[in-house]
Participant: 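Take this structure, written in structure tokens, and hold onto it; I'll ask about it next.
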Amino acid sequence: MLDLMLCFPSSLSDNAYTLVAEVMKKLVAIAPTHCHLFITELADAVQNLTKSAMNELRLFGEEVKALLRTTSSDGAAILRVLQALSSLVASLVEKEKDQKILAEKEQSAALSQLCNINGALEPLWLELSTCISKIESYSDSVPDLLLPRTSTSKPSGVTTPLPAGSQNILPYIESFFVMCEKLQPAQPGSSHDYGAVSEVEDASTSTAHQKTSVPVLKVDEKHIAFVKFSEKHRKLLNAFIRQNPGLLEKSFSLMLKVPRFVDFDNKRAHFRSKIKHQHDHHQSPLRISVRRAYILEDSYNQLRMRSTQDMKGRLTVHFQGEEGIDAGGLTREWYQLLSRVIFDKGALLFTTVGNESTFQPNPNSVYQTEHLSYFKFVGRVVGKALFDGQLLDVHFTRSFYKHILGVKVTYHDIEAIDPDYFKNLKWMLENDISDVLDLTFSIDADEEKLILYERTEVTDHELIPGGRNIKVTEENKHQYVDLVAEHRLTTAIRPQINAFLEGFNELISRELISIFNDKELELLISGLPDIDLDDMRANTEYSGYSVASPLIQWFWEVVQGLSKEDKARLLQFVTGTSKVPLEGFSALQGISGSQKFQIHKAYGSPHHLPSAHTCFNQLDLPEYPSKQHLEERLLLAIHEANEGFGFG
């Protein structure tokens with residue numbers, strides 16, 4: 001059987017795998033007690049293939065042109081063996097759940113064999129990583145051997161095409177992912193959450209925070225190896241996904257467990273593919289007829305009682321008293337007009353904060369009749385827009401995007417709405433507060449009134465039970481800051497958030513939307529903005545630099561060469577939103593009103609990343625020694641920066 005499996009050509013690997021998987025399931029069903037013999041046979045096949053596979057990878061790395069004239073057979077063979085092995089193990093585990101068919105000794109022997117296979121393949125994965133690094137380096141220096149792009153625009157500032165023939169190493173990468181995902185024996189007490197593994201890795205290397213609330217986890221070595229491999233070779237991995245988006249649903253699906261390694265354009269393509277699949281199963285039309293003057297009331301009354309399945313139908317809009325068939329234009333106009341009314345202050349549903357251009361639920365929406373029902377309706381509208389591929393001209397606060405994603409808000413999110421309060425919290429965390437501050441785990445009535453937008457009857461609020469009598473100390477200050485951030489950004493509007501999410505998640509599942517981060521979610525909902533760089537440059541103010549400074553000249557040259565997506569990321573990084581005012585950058589708003597785009601000189605080490613203060617539309621830029629260094633650090637900041645980035 002094994003010989004039959006290995007003789008399949010690479011082009012038939014999917015069919016071969018399906019056949020072998022079925023055979024393995026039947027073997028386990030018929031003779032489960034002999035499964036260790038099958039594992040041994042497959043393990044021997046892996047051992048026999050590893051040496052020639054390493055030689056092949058070494059050849060690819062030493063002479064990249066070999067990729068053009070060689071068709072990999074070893075990589076495909078190893079992939080098929082590991083897929084068969086994973087199918088065998090999965091079938092065995094499934095069988096074990098139903099009935100205890102293996103003695104503890106036999107089970108231990110099977111797990112030991114898996115460990116031996118992992119150990120035998122370790123040199124192969126190291127050789128694979130070395131080979132990829134050489135290929136990536138070669139592609140940067142020899143642009144003549146580049147794969148054709150499926151898009152003329154550059155999706156990411158850190159992504160470049162790869163040499164032709166790179167498909168030959170794809171089976172090796174797929175093999176590595178199979179090993180990481182399906183053939184790693186679990187260690188007692190270890191984490192199976194790749195996102196948690198990624199957080200642990202980040203926490204161990206971060207210099208932005210002196211302390212972290214990330215729990216210390218025992219993690220499987222293969223999980224860590226996967227995270228490191230994906231981070232190091234994300235350029236090549238994303239190029240493969242861009243060329244074949246289906247990989248994310250198959251052999252590269254493990255990357256969705258650590259989505260920060262997947263570029264936004266690839267995530268968006270995956271998201272739309274999943275939505276399209278649902279669209280194909282909901283062909284029934286969703287018709288509404290509304291009056292322009294009462295677009296909110298009519299839309300609310302006609303859609304609020306519709307079922308989730310109805311909402312997934314094709315939307316057709318008719319404006320009463322007007323002729324015309326909706327071929328898409330009327331639907332786009334409906335979304336545009338409805339969103340204007342929903343987010344108008346007169347509706348009492350949403351309010352602007354900080355720079356007056358981003359919205360979050362209004363705590364005083366209670367004065368609106370059926371306000372929570374309206375928030376569920378708004379959640380449905382936003383979800384329906386994403387479901388239909390329609391863009392909305394609305395931008396939420398960073399904390400509200402996090403609420404949609406189910407991501408915990410932090411004190412950094414307060415900076416956009418109250419920079420002075422943020423500075424106070426930051427000072428607390430960075431300094432010893434012993435015998436300095438007289439605080440308890442409570443918020444007094446005057447401060448609570450500001451948080452609740454000056455409701456008339458307000459009392460002290462305890463952050464934890466008995467908080468009035470618990471002092472804030474050096475030991476518990478991190479807990480205090482976390483609770484304050486949660487209260488200021490969440491507690492006052494929790495009912496509205498929950499109602500919105502109830503409607504939103506009817507159409508867009510939490511699992512699907514969670515592959516995006518908060519900045520990417522803004523681009524997904526509102527689209528990529530058209531940024532007039534001449535206007536942006538003409539309305540930029542400098543401190544420590546001047547228009548003629550070499551670094552400023554480099555900066556604008558770098559920005560000019562950015563993709564549309566990266567220009568939007570830069571705008572988000574500096575202003576907190578990708579929204580461009582209708583009047584242009586001269587009308588840019590800050591926390592205190594009109595505030596132009598700022599570039600300030602950041603004194604200190606030229607190795608620091610750029611940092612930003614979104615409440616002032618301010619970019620702090622170190623004086624880098626070269627244009628290339630500036631570009632590298634700027635791209636890293638706008639792509640990878642988490643809260644506190646640039647302060648290290």
Participant: Counting N and O atoms only, with roles assigned by atom type, does the side chain of N505 sit under 3.5 Å from a partner on the main chain of I508, one being a donor and the other an acceptor?
Facilitator: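 Answer holds: yes.
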Participant: Could you tell me which residues satisfy ring pair (Phe, Tyr, Trp, His ring centres under 6.0 Å) with F555, sequence neighbours excluded, listed by chain and number?
Facilitator: none
Participant: Between N539 and K596 (side chain of the first, backbone of the second, donor and acceptor by atom type, cut-off under 3.5 Å), is there such a pair?
Facilitator: no
Participant: Are the side chains of N362 and L349 in contact, using a 4.5 Å heavy-atom criterion?
Facilitator: no
Participant: With distance as the sole test, does Q320 use its side chain to make a donor-acceptor pair with the main-chain N or O of S289 at under 3.5 Å?
Facilitator: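 It does hold such a pair.
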Participant: Between D413 and R398, does at least one N-O distance fall below 4.0 Å, as a salt bridge requires?
Facilitator: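 A salt bridge is absent here (no side-chain N lies under 4.0 Å from a carboxylate O).
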Participant: State, with a plain yes or no, whether a side-chain heavy atom of I275 is found less than 4.5 Å away from one of L512.
Facilitator: yes
Participant: Checking R292 against F319: charged group under 6.0 Å from the ring centre and within 45 degrees of the axis?
Facilitator: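 Here R292 passes the 6.0 Å and 45° test against F319.
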Participant: Distance-only, no hydrogens or angles: does the S365 side chain make a donor-acceptor pair with backbone N or O of Q368 under 3.5 Å?
Facilitator: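 Side chain of S365 to backbone of Q368: no pair is present.
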Participant: So F252 and F261, ring pair (Phe, Tyr, Trp, His ring centres under 6.0 Å) or not? Walk me through it.
Facilitator: CA-CA 11 Å; F252 280 31; F261 297 137; over 10 Å; no
Participant: Any cation-pi pair here, R488 with Y421, using under 6.0 Å and within 45°?
Facilitator: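 Yes, R488 sits over the ring of Y421.
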Participant: Are the side chains of N517 and Y401 in touch, meaning some heavy atoms are under 4.5 Å apart?
Facilitator: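 No, too far: nothing below the 4.5 Å cut-off.
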Participant: Does any part of the side chain of L634, heavy atoms only, come nearer than 4.5 Å to the side chain of V558, both counted from C-beta?
Facilitator: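 They are in side-chain contact.
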Participant: What is the distance from atom CG of L501 to atom CZ of R510, rounded to the nearest 0.5 Å?
Facilitator: 6.0 Å
Participant: Donor-acceptor check, side chain of R234 to backbone of R260, threshold 3.5 angstrom: yes or no?
Facilitator: yes
Participant: Among all residues two or more places apart in sequence or in another chain, which pass the side chain to side chain donor-acceptor pair (under 3.5 Å) test with K267?
Facilitator: E520
Participant: Will you find, in the side chains of Q618 and S543, an N or O donor that is under 3.5 Å from an N or O acceptor?
Facilitator: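 Absent: no donor and acceptor within the cut-off.
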Participant: Does Y294 have R291 sitting over its ring (NZ/CZ under 6.0 Å from centre, angle to axis within 45°)?
Facilitator: yes
Participant: Would the distance check show the side chain of S526 and the main-chain N or O of L392 forming a donor-acceptor pair, the cut-off being under 3.5 Å?
Facilitator: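 Yes, the answer is positive, given that a donor and an acceptor are paired below the 3.5 Å cut-off.
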Participant: Would you sort out whether I493 and Q496 count as a side-chain contact (heavy atoms from CB on, under 4.5 Å), showing the intermediate values?
Facilitator: CA-CA 5 Å; I493 54 174; Q496 292 91 327; 4.1 Å; yes
Participant: Under a 3.5 Å distance rule, please check whether H403 uses its side chain to pair with a backbone N or O of L489 as donor and acceptor.
Facilitator: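 Side chain of H403 to backbone of L489: a pair is present.
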Participant: So, does D566 use its side chain to make a donor-acceptor pair with the main chain of L562 at under 3.5 Å?
Facilitator: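 Side chain of D566 to backbone of L562, a donor-acceptor pair under 3.5 Å: no, none is there.
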Participant: What are the two closest non-hydrogen atoms of P529 and A568, and how far apart are they?
Facilitator: CD-CB, 3.5 Å
Participant: For F597, what residues pass the ring pair (Phe, Tyr, Trp, His ring centres under 6.0 Å) criterion, not counting sequence neighbours?
Facilitator: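 For F597 there are no ring pair (Phe, Tyr, Trp, His ring centres under 6.0 Å) partners, ignoring immediate neighbours.
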Participant: Tell me which pairs pass salt bridge (charged side-chain N to carboxylate O under 4.0 Å, His left out) where either residue lies in residues 334-346, with sequence neighbours left out.
Facilitator: K345-E356
Participant: Can you confirm whether D620 sits close enough to P610 that some side-chain heavy atom of one is under 4.5 Å from a side-chain heavy atom of the other?
Facilitator: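 Counting from C-beta outward, D620 and P610 never come under 4.5 Å.
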Participant: What is the distance from atom NE2 of H318 to atom OG1 of T331, rounded to the nearest 0.5 Å?
Facilitator: 12.5 Å
Participant: Assess the residue pair Q572 and E522 against the criterion (side chain to side chain donor-acceptor pair (under 3.5 Å)); give the C-alpha distance rounded to whole Å, side-chain angles, the decisive distance to 0.1 Å, and a yes or no.
Facilitator: CA-CA 9 Å; Q572 287 178 321; E522 179 180 25; 2.7 Å; yes
Participant: Please tell me if the side chains of Y374 and R304 come closer than 4.5 Å, counting only heavy atoms from C-beta onward.
Facilitator: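 No - every pair of side-chain heavy atoms lies 4.5 Å or more apart.
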Participant: About how many Å separate CG of N498 and OG1 of T490, when rounded to the nearest 0.5 Å?
Facilitator: 10.0 Å
Participant: Please tell me if the side chains of V381 and Y300 come closer than 4.5 Å, counting only heavy atoms from C-beta onward.
Facilitator: no
Participant: Under the ring pair (Phe, Tyr, Trp, His ring centres under 6.0 Å) rule, what do F396 and F359 come out as? Steps first, then yes or no, please.
Facilitator: CA-CA 4 Å; F396 296 112; F359 293 89; 7.5 Å; no
Participant: Just by distance, do the side chain of T316 and the backbone of R287 share a donor-acceptor pair under 3.5 Å?
Facilitator: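 No, because the side chain of T316 does not come within donor-acceptor range (under 3.5 Å) of the backbone of R287.
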Participant: In chain order, what residues pass the side chain to side chain donor-acceptor pair (under 3.5 Å) check against K384, with sequence neighbours excluded?
Facilitator: D388
Participant: From the options N617, L571, T575, select the one residue that forms a side-chain contact (heavy atoms from CB on, under 4.5 Å) with F585.
Facilitator: L571
Participant: State which residues pass ring pair (Phe, Tyr, Trp, His ring centres under 6.0 Å) with F375; sequence neighbours excluded, sorted by chain then number.
Facilitator: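 With sequence neighbours excluded, F375 shows a ring pair (Phe, Tyr, Trp, His ring centres under 6.0 Å) to F350, given in chain and number order.
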Participant: I'd like to know if the side chain of S299 reaches the main chain of L296, judged simply by a donor and an acceptor atom lying under 3.5 Å from each other, with no hydrogens or angles considered.
Facilitator: no
Participant: What is the distance from atom OG1 of T397 to atom CD of Q360, rounded to the nearest 0.5 Å?
Facilitator: 4.5 Å
Participant: Drop me the distance from Q598's CD to T540's OG1, to the nearest 0.5 angstrom.
Facilitator: 8.5 Å
Participant: Please examine the side chains of L621 and L630, heavy atoms only from C-beta on, and report whether any two atoms are closer than 4.5 Å.
Facilitator: yes
